[in-house]
Amino acid sequence: MTTADNTEPPADGRRQLPPQYLPGEVEDRRYQDWVDAGYFTADAASAAPSFTIMIPPPNVTGSLHIGHALDHTLIDALVRRRRMQGYNALWLPGTDHAGIATQNVVERELAKEGLSRHDLGRDAFVERVWQWKANYGGKILDQMRSLGDSVDWSRERFTMDAGLSRAVQTIFKRLFDDGLIYRAQRIINWCPRCMTALSDIEVDHSDDEGELVSIRYGDGDAAVVVATTRVETMLGDTAVAVHPDDARYTHLVGTTVELPLTGRHIPVVADPHVDPEFGTGAVKVTPAHDPDDFEIGRRHDLPSLTIMDERALITAAGPFEGLDRFEARPAVLAALRAEGRVVAEQRPYPHAVGHCDRCGTTVEPRLSLQWFVKVEPLAKAAGDAVRDGRVRIYPAQLAARYFDWVDDMHDWCISRQLWWGHRIPVWYSAGGEVRCVGPEDEPPGEGWTQDPDVLDTWFSSALWPFSTLGWPDQTPDLRAFYPTSVLVTGYDILFFWVARMMLFGLYAMADAGPGQSVPFRQVALHGLVRDAFGKKMSKSRGNTVDPLDWIARFGADATRFTLARGASPGGDVALSEEWVAGSRNFCNKLWNATRFALMNGAVAGSELTQDDRARLSVPDRWVLSRLAAVTAEADALFEEFEFAKVSDVLYHFAWDEFCDWYLELAKAALNGADEAAAGLTRRVLGYVLDRLLRLIHPLMPFVTEELWTALTGGESVMVAPWPGVLADAGAGAGAAVGVGAAAAAGAADPAAEAVVESLMRLVTGVRRFRADQGLRPGQPVPAVFAGIGDTSLAAHEPSIRALLRLTEPAAGFTPNASVQAEGITVRLDTSSGIDVAAERRRLTKDLAAAQADAEVSQRKLSSQSFLDRAPADVVAKSRDRLAAAQAEIARLRERLTALADAAS
RNA sequence: GGGUGCAUAGCUCAGCGGUAGAGCACUCGCCUUACAAGCGAGGGGUCACUGGUUCGAACCCAGUUGCGCCCACCA
């Protein structure tokens, strides 16, 4: 590994850079160089502490969208920084088989050929999906290269790989044997279009316009009115329920009422679940088609009458048979109305209805035999791991949501009536025996048939942190890289994925001990990507951003920086083309700063000795002091996943301080006659830029690589030591690693900072005068600096003159204007005289501001309670401020008077 | 229905107890020998509303209004 600390100065005739950064010419080449150099490949045998991040596996059907780009930008920044810090960094890539989604894609393809999966049969269909995967799957992995993702391609995984499938089977068997997986007849969420069961979180609830209908069951004294939004299910009613304490119905409990249209009589039962306040206080009970009713049915031993098939067509014999559920509803209602059973109709009646999150079809609660994970004991452990700090969630407030869910989680329905996925490893004999088969077991022979269902795709995703490392085998990878360090993903899949990895990680890896069984130590959640107005991106809205388009037009670095700049923990990211253009400009700024450095013979790679530091100029000292502060700040912010703030700090240091002031100030020394001073500044220039590029590299890998190698002649900034001061890192055993620790950018230099800040105020003040006076920026103006000898700026007059284009006075110099700032009076000869009106406007404005300032301070200081209660430093600050304002007022008044005198 | 978050410059957001900040947009002047994807200067905000706590509130507390998100088996 090479470092920046090669002592040889760069060879002469280094590459000349063109005046603009053209990302297209850099990115592909650099990426391939990195891959070829093996920088992305982690080493399970490394002695260095590991830093591991697992990619949130995108669907194998997917292509890179802006959400991935956000996720990957943040992950890549974390991984690149750790790698530079000397960690054995692994970012493992891969894809998810995405059961329903992928099956749907291939089925649609088949449909174009006029075929259904049933025409092919199970084996041929699955084969067809594999074929599809071979041809089109993993497109997204290729696209990741263009973002610069530093993933370890040698460790790419797919959730249906043989190894990962073995992990699935292993844990299924283990859970089964532990009694944590069971099969039961339950009401589950059923999608009649996908024709499969769904778990609770695969159902999106939204308010639909419904209709609340009140229907009279029975007649005369035995009549009872029930209200429902799902009239058609009355065909499957097997009871009416009322609250036990509801006096209106006590006389009916235990009797039966006639169920209209069916000729059946159903019992009236008393159940505490019924809310006497709602509707009529009487509820129709359909155990086979409503989860509540199923529970009531269980309590009262009611029969379950299934009246719909898996396509949600009515199966109950009679006039409605064969109708779709939505056709049956008006039909049943009409029939009831014809019999005079409809007491009231209330519409519209908005109420929450579940929809399949894959296809949007209204979910049908359906009684069926499914496999479930008993989550309670697992969820308890998953909650505790966060509660006791073994896993930390960023931002912390999202932990509350995690607890809400984990602490009250229903059993997880894991069977899916699909063909694409991990088949449930359970076999049944003709005699009704059940056998769960582990990966080492012989499959049962003659007379046994395997369960036809496959597992929920999230079942295998939940194993991702360790199945990808070879579990259940105790592989070197598993030992080296588990637990993973950080999980980075959007808060939208906190429940889908994050919580489930917690359930299974803690369970499967329990032998490793409490601290080592967690799937990750930190969870860094980001938000959704939105448009410039904070609106959700969607194809129908037409406000989506294609990251590949941005990369092509603005560069990967600009795209990444824009995303990072918007990413605060848990916060949504707003994007627009103006912003990515701004980031592109920032790349160009760095490009030209480096270009300037190269043109001026900047020397990178030499450390500054104590001796050197003693001879530094004030601007050199200032920039080093600022670099130290910014380095520490950026480093701390990285630890907290404050990407927006890191980006902001680096952006402003690079642009506002390094480029706008330091490079301008350095010009005096670089072009000056003092060779020793110039040489020292060339080294400081190289030193600061070198470190700045390293600090920015995790966020903008390509441009920094191109510039850093050009500046230093080093091999790659990717493997240059990180300049940060290392804090106790989340991964590893808290040991500070990396040669970067020694390269901490030095100490603060408040004296130098004070001088440069004073210089900035003076320069800005005079520039303002020039602007007010309409003096063209480039026009040289003769001037003298009266009183500068008594200030800290005495030695910097040449720099100040250069910044302000003020020339030495020639013979016959007759100043006709003056500006005061920082205790210095700058007298200028503007030749044409000054614009008195403009000057008066400026002075008047400044006077008003100073007076307002003084007034506020005065008011505070005249309050006795303020003087008594406020801390001494606050009072002192107010005093200083008042004094300064008063001095300013006096000065401005004097100038205004002088101006008036001069005018008359 | 239950949680939870947010209301700050035209837009997107930062600041979270001591006299309001950034990026973009806007105005004016500049092709000043790294950069016009640039440089310099400037304008713009009763920090949603009402009370309270405090010497002092954008910041803490309560309420109001308006948005947003998550969870949810009330017919």
Side-chain angles (χ1 to χ4, degrees), chain A residues 17 19-21 187 200-201 205 212 226-230 233 241 273-275 277-280 282-286 290-295 351-352 354 365 397-398 400-401 404-405 408 410 491-492 494-495 527-528 530-534 554 558 565-566 568 570-576 578-579 581-600 644-645 648 651-652 659-660 663-664 667 671 764 767-772 774-780 802 805 852-853 855-857 859-860 863-871 873-875 877-878 881:
Chain A
L17 302 176
Q20 278 193 341
Y21 173 52
I187 293 272
D200 289 344
I201 55 175
H205 293 268
L212 187 66
V226 299
T228 181
T229 53
R230 302 211 49 199
T233 63
H273 174 80
V274 179
D275 177 4
E277 305 295 318
F278 188 93
T280 59
V283 182
K284 63 190 273 304
V285 181
T286 324
D290 183 282
D292 278 337
D293 294 3
F294 181 74
E295 292 304 319
H351 65 295
Q397 70 254 28
L398 281 175
R401 259 189 219 179
D404 281 350
W405 194 71
D408 185 31
H410 295 185
Y491 58 68
D492 52 327
L494 186 60
F495 307 134
L528 269 38
R530 295 172 179 277
D531 72 7
F533 306 102
F554 300 98
R565 237 187 148 178
S568 56
D572 291 343
V573 180
L575 293 182
S576 83
E578 281 79 39
W579 301 340
S583 301
R584 186 262 324 263
N585 296 353
F586 181 48
C587 292
N588 201 229
K589 194 69 181 174
L590 293 174
W591 183 265
N592 277 291
T594 308
R595 204 165 150 247
F596 171 85
L598 291 171
M599 287 165 73
N600 285 278
K645 288 180 186 166
D648 202 53
Y651 178 93
H652 282 112
C659 289
D660 284 355
L663 294 186
E664 295 304 324
K667 282 175 183 173
N671 302 328
T764 302
R767 278 177 180 161
R768 192 156 71 138
F769 175 80
R770 288 190 63 133
D772 286 346
L775 291 168
R776 291 181 30 247
Q779 179 191 330
R805 317 240 154 218
D853 206 36
E855 200 183 320
V856 173
S857 302
R859 193 170 344 118
K860 283 183 116 169
S863 154
Q864 191 56 45
S865 41
F866 172 71
L867 297 174
D868 291 345
R869 307 273 192 111
D873 61 313
V874 172
V875 175
K877 211 175 132 192
S878 284
R881 198 156 176 156

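Lettering follows sequence order; numbering is per chain, from 1. Reckoned from all heavy atoms, side chains included, excluding hydrogens, waters and symmetry mates.
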Study note, to complete from the structure: Per-nt protein contacts along nucleotides 24-30 of chain B (heavy atom under 4.0 Å; B base, S backbone sugar-phosphate only, - none) come out as S----BS
Practice item. Classify every nucleotide of nucleotides 66-75 of chain B by which part a protein heavy atom approaches to under 4.0 Å, writing B for the base, S for the sugar-phosphate alone and - for neither, in 5'-to-3' order. Key: ---SSSBBBB
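Between B/G68 and B/C73, the two P atoms lie 23 Å apart (nearest whole Å).
Backbone-only contact: A/Arg768 has heavy atoms under 4.0 Å from sugar-phosphate atoms and none from a base. In this structure, A/Cys587 reaches neither bases nor backbone, as no heavy-atom distance under 4.0 Å exists between it and the strands shown. A/Glu664 comes within 4.0 angstrom of a nucleotide base, judged by non-hydrogen atoms across all strands. Counting non-hydrogen atoms under 4.0 angstrom, A/Leu494 reaches nothing in the nucleic acid. Using a 4.0 Å heavy-atom distance criterion, A/Phe294 is classed as making no nucleic acid contact. Nucleic acid contact class of A/Ala532 (heavy atoms, under 4.0 Å, all strands): sugar-phosphate only. Within the nucleic acid shown, A/Ala870 comes within 4.0 Å of at least one base atom, counting heavy atoms only. Nucleic acid contact for A/Asp408: none, since no nucleic acid atom lies under 4.0 Å from a heavy atom of the residue.
Contact annotation: A/Lys667 does not reach the phosphate of B/U32 (side-chain N/O to OP1 or OP2, under 4.0 Å).
Here B/C35 is the nucleotide among B/C35, B/G18, B/G23 with the atom lying nearest to any side-chain atom of A/Arg595. When distances are taken from the side chain of A/His652 to each of B/G3, B/A22, B/U19, the shortest belongs to B/A22.
Judged as a salt bridge (Lys or Arg N to Asp or Glu O under 4.0 Å), and not counting sequence neighbours, A/Asp531 has no contacts.
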